[in-house]
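Reviewing the structure listed below.
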Amino acid sequence: MRRYEPQEIEPRWQRVWADERTWEVSNAPELDGGSSKPATSYVLEMLPYPSGEPHMGHLKCYAIGDALAHFRRRRGERVLHPMGYDAFGLPAENHAIRTGRHPRESTDASIAEFRRQFRSWGVSIDWSRELATHEPEYYRWTQWLFLRLFEQGLAYRRDAAVKWCPTDETVLANEQAKDGVCERCGTPVVSKQLEQWFFRITDYADRLLDDLDSLDWPEHVKTMQRNWIGRSHGAEVVFRCEELGTDYPVFTTRPDTLFGATFFVLAPEHPDVLRLNDSPEVRSYVERAAAEPSEQRGSELGEKTGIALGRTVTNPVNGEEIPVYVADYVLMEYGTGAIMAVPAHDERDHEFAQAFELPIREVVRAPIEEGGESPTLLPYSGDGQMVNSGRFDGEHNRVAFDAIVDWLADEDRGRRSVNFRLRDWLLSRQRYWGCPIPIVHCERCGLVPVPDDQLPVELPDIQDYAPKGRSPLAAATDWVETTCPSCDGPARRETDTMDTFVDSSWYFLRYCDARNGEAPWGREVLDGWMPVDQYIGGVEHAILHLMYARFFTKALADLGLVGFEEPFARLFTQGMITREGAKMSKSRGNVISPRDYVERYGADTTRCYMLYIGPPDQGADWSDEGVGGIHRFLARLWRIGDEIAEPERGAATIDGAGNGQPSPLLRKAHWAIDKVTADLRDRFAFNTALAAIIELVNDAYRYKDDLLASPEGTVQLRFAVATAGSLVFPFAPHLGSEVYELMTGTRVWEQPWPEADPALLSSETFELIVQVNGKLRDRVAAPAEASEAEQERLALGSERVAAQLNGGQIVKTVVVPGKLVNFVVR
RNA sequence: GCGGAUGUGGCGGAAUUGGUAGACGCGCGGGCUUCAGGUGCCCGUGUCCUUCGGGACGUGGAGGUUCGAGUCCUCUCAUCCGCACCA
């Protein structure tokens, strides 16, 4: 008996696909024979960050994407399925510093390995569109796009308190400093005052939030983005300090509680703190708070600290003078850096009031629950009736909300206002391995953009790219010193580089027109492919990458460069692959490499197992025993194909209807077509699709000997095996091609996706379920066309039902046509 | 604390619309094939009881709706993920 040898089969098919450039698609589809334009489909997996070699997460992502790409192609769509590399970034540079090897070298080596492995996995990629973000042909356009945003004022420079990682010696985006530590290296971040480049993403906060409703994305990802943008509706209210003659606006979501404001708090970073009081105590408090980034502040929640400034401000609703404090629970980044404190209706203000023995005045009374008159437990943040609020007493607080804001607006002491949690995107990095910012600093002209025809500003080769607190590029004197494009005087280049998230915010656009040397893309080409029909990647990008790419797309739409507002119509987030119940990591020593499995079992087995392990949006634990099971299945399919192959390839007819009576196997084949099609079309149910194909192959073995006894049976058996090959092709493209060719002599990817014959999906009889009081008691054969009365009669004839009756009486009969009969017996 | 998700055999999971719980795979048990070595074929496998006909129980837990609930409702427990002084 011959053996299934993926090591021989897989490279053979890969060569065919490479030689014939099978998966390339053109941007200008030829209308074949005047037929209507075929539907297009853009299937995209998030581009990999090339570091070392691909891991299991990559394999999972591309196994999912490739299955969908193949399925859509064979259903007649023109599918764009490209690949590229997110090549700039900190890890490559840190690795380079450790090993002394230039980041370009290690990155290029890694890209070569990724490319080699993707080919060895048999992924159907259009390699003619391959790109890498560190190539000048790519980042030339990253710089070009930066300049368009700069012209619009969407890229700007400002002095800001920024998060700084002392280990990586660079500033970080808000989003890259989670829980007060650097996302990359885990070092606690510190606060620094520096001039930095920002993108004005906050201008797009409303649209980024509102347009989420139009997206077919997982609900939890949309929720995360909504929370991150954090839109709150409320009012800005002005409190005046008469002694200094200064107005202090605050943002509040609860203007209805204004009468309950009994003190006022400034953030330590608020510029007026020392103006109000510059005693040594206040100075030291402010300095201590400034050294700590906001994330680490008050880590023991509830322990409120602060200092009274010995000043008062006037509450605009009742003229009350209330004391002013400085306290670190108020953040400078949010709102105005100052708050009105309402201890009766805000938990944090309540804690502060208790610690400093400040008055607590209830102004919203909780409705009395039926059954008791419990006093309102403070702090209370719900709705209720206004009390202690002058002429608003007795009103519902929601009504008073509007009335108070309108009144303040008339008095010019306030207005309706909306606040966001989202901050502008800090994009500059004091690092070497990134896209240079195409700006020149001129003493006379200020910030001068590098003219488009001088792009790209190439990243120079330097010897020492280790971070030193300023960009390593600053040491490349020849490169830094230049002339001003505006006045021709001496000038210096910007030495910061861009955050890599800028590179990946538009790569999906470049794929559409990847070889365009005149522009980042042609707009009509883009509109033919975009938006991405199906985007696939990990949840770890739910906020950062996906938010930035959406911002870029909207900004480019406003510039008229693209004709759509959202880049990714449909998103799928894959779950993580674990090993022995834990995330794979070098320190745990539980890392397994796709390469080992591909070499040992073949790419088809590894890919199929990845999809068979469970629902792809959930995490799953890798098991070597499970891989063996899938390998056995593929080997069985190959072996039966090998055994029954027509010696003269192509001579076999595989007419699905077959000749003579349809065998149970023929029916099973059509059932499998129907099942796999639905699982792939309507949901990402690869595991159950594969289970259906396994059932088909198992049945092929079961009926093989019977069917081989007659020529008609042999044809039906070949059809079933060819169908298994055809259906398995999106998951195991090499084996699918091999088996299909053994059966038919043709290439499976050139064949349309099979269609189930409805006549073979139904049969003349079915198994009627017979229940007594909802419990299964018997199954009887019933004609498919049986009427309800007939079903009931058949069920009554069951001996087991009679035994169950046992003197009881049937009080009710429920008949579900084509399914079951249930007798209610008492 | 707030928000989201998930709980089904020894294990991964299936059950798509309220209608046969456990598809398919792993593991385990048995048989066959002179079969030596990661890889063949077939059968069995939720738990307990059984006079071997079958019966009782069973989807984290407790209630409820229904002829019928893994699926719907209420409460509750556990695990995982995200956010977290956002005024």
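Residue numbers begin at 1 in each chain, while the letters A, B, ... track the order of the sequences. A quick note: this is a predicted structure, and the numbers were derived from the prediction, not measured.
- In this structure, of U16(B), G4(B), U20(B), it is G4(B) that holds the atom nearest to the side chain of His220(A).
- In this structure, Tyr248(A) atom OH and A87(B) atom C1' are separated by 18 Å, rounded to whole Å.
- With A87(B), G68(B), C24(B) as the candidates, the nucleotide lying closest to the side chain of Ile694(A) is C24(B).
- Only the P atoms considered, C11(B) is 23 Å distant from U16(B), to the nearest whole Å.
- Summarising the base pairing, U34(B) is matched to no nucleotide, lacking a Watson-Crick or G-U wobble pair whose two defining distances lie under 3.5 Å.
- As a whole-Å value, the separation of Ile543(A) CD1 from C83(B) C1' is 8 Å.
- Side-chain N or O atoms of Asn773(A) include one that pairs as donor or acceptor with a backbone N or O of Val825(A) at under 3.5 Å.
- When heavy atoms are screened at a 4.0 angstrom cut-off, Ile613(A) is found touching the sugar-phosphate backbone but no base atom.
- Figure legend. C67(B) is base-paired to G19(B); pairs are counted as Watson-Crick or G-U wobble with both atom distances under 3.5 Å.
- Around atom CD of Glu347(A), no more than 12 heavy atoms belonging to other residues, nucleotides or ligands sit under 6.0 Å away.
- Only the P atoms considered, A62(B) is 15 Å distant from C77(B), to the nearest whole Å.
- Backbone-only engagement by Asn698(A) is indicated by non-hydrogen atom pairs under 4.0 Å involving sugar-phosphate atoms exclusively.
- Listed candidates were G19(B), C26(B), A56(B). Nearest to the side chain of Glu625(A) is C26(B).
- Across the strands present, C24(B) finds its partner in G12(B); the criterion is a Watson-Crick or G-U wobble pair with both atom distances under 3.5 angstrom.
- With salt bridges taken as basic N to acidic carboxylate O contacts below 4.0 Å, one links Arg683(A) and Asp679(A).
- Remark: C85(B) base-pairs with no nucleotide in the shown strands. Criterion, Watson-Crick or G-U wobble with two distances under 3.5 Å.
- In terms of position on RNA chain B, the residue among Gly230(A) and Phe633(A) whose nearest nucleotide sits closer to the 5' end is Phe633(A).
- No side-chain heavy atom of Tyr597(A) sits less than 4.5 Å from a side-chain heavy atom of Thr605(A).
- Here Arg421(A) reaches the OP1 or OP2 of A84(B): one of its side-chain N or O atoms lies under 4.0 Å away.
- Each of C24(B), U20(B), C85(B) was ranked by its minimum atom distance to the side chain of Ile769(A); first place goes to U20(B).
- Residue Lys819(A) contributes atom NZ, which lies 11 Å from atom C1' of G18(B) at whole-angstrom precision.
- Syn is the classification of G53(B), since its glycosidic angle stays within 90° of 0.
- A glycosidic torsion no more than 90° from 0 defines the syn conformation; G44(B) lies beyond that range and is anti.
- Comparing the P positions of C2(B) and C75(B) gives an interatomic distance of 14 Å, to the nearest angstrom.
- In this structure, Glu788(A) and Pro817(A) have side chains that are in contact, with non-hydrogen atoms separated by less than 4.5 Å.
- The listed nucleotides are A15(B), G12(B), U20(B); the one nearest the side chain of Arg683(A) is A15(B).
- Spacing between U45(B) and C26(B) at atom P, rounded to whole Å, works out to 16 Å.
- Contacts of Ser623(A) with the nucleic acid, taken as non-hydrogen atoms under 4.0 Å apart, are absent.
- Of the C1' atoms belonging to U71(B) and C83(B), the separation is 31 Å, rounded to the nearest Å.
- Counting to the nearest Å, the P atom of A21(B) and the CG atom of Leu776(A) are 5 Å from each other.
- Look at the C1' atom in both C49(B) and G58(B): the space between them is 15 Å, to the nearest Å.
- Between Asp621(A) and Arg579(A) no salt bridge is recorded (no basic side-chain N to carboxylate O distance below 4.0 Å).
- The side chain of Asn687(A) approaches A14(B) more closely than any other nucleotide in the set C24(B), A14(B), G68(B).
- Checking Tyr334(A) against Lys675(A), the closest nucleotide of RNA chain B that is more toward the 5' end is the one next to Lys675(A).
- Here Asn227(A) does not reach the OP1 or OP2 of G4(B): none of its side-chain N or O atoms lies under 4.0 Å away.
- Which of C83(B), C24(B), G19(B) sits closest to the side chain of Val814(A) comes down to G19(B).
- Contact annotation for Glu767(A): base contact, defined as any heavy-atom pair under 4.0 Å involving a base atom.
- Comparing G27(B), G12(B), C57(B) against the side chain of Lys775(A) picks out C57(B) as the nearest.
- A 3.5 Å limit on both hydrogen-bonding distances identifies G46(B) as the Watson-Crick or G-U partner of C57(B).
- The side chain of Glu695(A) has C24(B) as its nearest neighbour among A87(B), C24(B), G82(B).
- G82(B) atom C1' lies 14 Å from atom CD of Glu219(A), rounded to whole Å.
- Rounded to the nearest Å, the gap between the C1' atom of G4(B) and that of A23(B) is 30 Å.
- With P as the reference atom, A15(B) and U20(B) are 13 Å apart, rounded to whole Å.
- A5(B) is paired with U79(B) under the Watson-Crick or G-U wobble criterion, all donor-acceptor distances under 3.5 Å.
- With respect to the salt-bridge test (charged N to carboxylate O, under 4.0 angstrom), the residues Arg226(A) and Asp213(A) qualify.
- Between Asp778(A) atom CG and G53(B) atom P there is a gap of 16 Å when expressed in whole angstrom units.
- Here the P atom of nucleotide G38(B) and the CZ atom of Arg3(A) are 7 Å apart, to the nearest Å.
- Look at CZ on Arg226(A): it is 15 Å from P on G3(B), rounded to the nearest Å.
- Side-chain N/O atoms of Arg777(A) include one lying less than 4.0 angstrom from OP1 or OP2 on G55(B).
- Proximity of Leu358(A) to Pro343(A): side-chain heavy atoms (C-beta onward) are nowhere separated by under 4.5 Å.
- The side chain of Arg632(A) places an N or O atom within less than 4.0 Å of a non-bridging phosphate oxygen (OP1 or OP2) of C26(B).
- Checking G25(B), G13(B), C42(B) against the side-chain heavy atoms of Tyr701(A) singles out C42(B) as nearest.
- An OP1 or OP2 oxygen of A87(B) is reached within less than 4.0 angstrom by a side-chain nitrogen or oxygen of Ser232(A).
- Phe633(A) has its side chain within reach of Val728(A): a pair of non-hydrogen atoms, C-beta onward, lies under 4.5 Å apart.
- The side chain of Arg636(A) contributes an N or O atom lying less than 4.0 Å from OP1 or OP2 of C41(B).
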